Amino acid sequence: MARLVQGARGARVIDERGIQPVKKVEAIIKPFKLDEVKEALHEIGVSGITVTEAKGFGRQKGHTELYRGAEYVVDFLPKVKLEVVVEDSLAERVVEAIAAAAQTGRIGDGKIFVIPVESALRIRTGERDDAAI
């Protein structure tokens with residue numbers, strides 16, 4: 001059962017193991033929106049993100065292009081995958097910041113997933129869970 005604890009970083013929820021729950025937010029966005037999303041995350045206090053170049057498609061299902069007179073299908077479109085691990089209490093603000101910064105209003109804007117993180121370990125210091133992020 002979770003409980004609310006007042007600490008140096010303000011009030012936070014602590015689970016039955018005595019640690020603060022952590023979430024991983026994954027977002028697939030259009031590459032040209034990366035700088036805007038990065039800035040939005042910085043403004044709400046996110047200290048680190050992982051960015052991976054990716055290819056994929058959703059409802060837009062790719063498109064056809066013409067190259068040297070030959071038409072070909074581009075099935076997988078360039079995307080960027082962001083991964084952010086934050087304290088549970090910050091996860092919703094992270095989702096809102098990414099959604100606002102990445103939105104163009106056109107098909108292919110992307111998706112955001114929020115996943116509970118069972119455990120985390122900072123390799124250098126051995127810190128675990130919320131202390132590791």
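Note that the structure is predicted; figures quoted are calculated from it, not measured. Values below: all heavy atoms of this structure, side chains included; hydrogens, waters and symmetry mates excluded.
- Between R128 and S119, some side-chain heavy-atom pair lies under the 4.5 Å cut-off.
- Atom NZ of K30 sits in a crowded spot, with more than 12 heavy atoms from other residues, nucleotides or ligands closer than 6.0 Å.
- No donor-acceptor distance shorter than 3.5 angstrom exists from the side chain of D109 to the backbone of Q103, with no hydrogens or angles considered.
- A pairwise comparison of heavy atoms in A132 and E127 identifies CB-O, 3.5 Å as the closest pair.
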Can you list the steps and then say if E43 with E39 is a side-chain contact (heavy atoms from CB on, under 4.5 Å)? CA-CA 6 Å; E43 287 175 13; E39 189 59 38; 3.8 Å; yes

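- Taking all atoms of both residues into account, the shortest heavy-atom contact from E83 to T52 is OE1-OG1, 4.3 Å.
- Among all heavy-atom pairs drawn from D88 and K23, the shortest one is OD1-CE, 2.5 Å.
- Hydrophobic cluster membership of L82, counting Ile, Leu, Val, Met, Phe, Trp and Tyr whose side-chain heavy atoms lie under 4.5 Å apart directly or via other members: V25, I29, L34, V37, L41, I44, V46, I49, V51, V80, V84, V86, L90, V94, V95, I98, I112, V114.
- Side-chain contact between K55 and K79: absent, with no pair of heavy atoms (C-beta onward) separated by less than 4.5 Å.
- A donor-acceptor distance shorter than 3.5 angstrom exists from the side chain of R122 to the backbone of A131, with no hydrogens or angles considered.
- For the pair A40 and A101, the tightest heavy-atom approach, listed with the atom from each and the gap, is CB-CB, 3.9 Å.
- Salt-bridge formation is detected for the pair E36/K33: a Lys NZ or Arg NE/NH1/NH2 atom is positioned less than 4.0 Å from an Asp or Glu carboxylate oxygen.
- When all heavy atoms of I133 and E87 are compared, the closest pair comes out as CD1-N, 3.5 Å.
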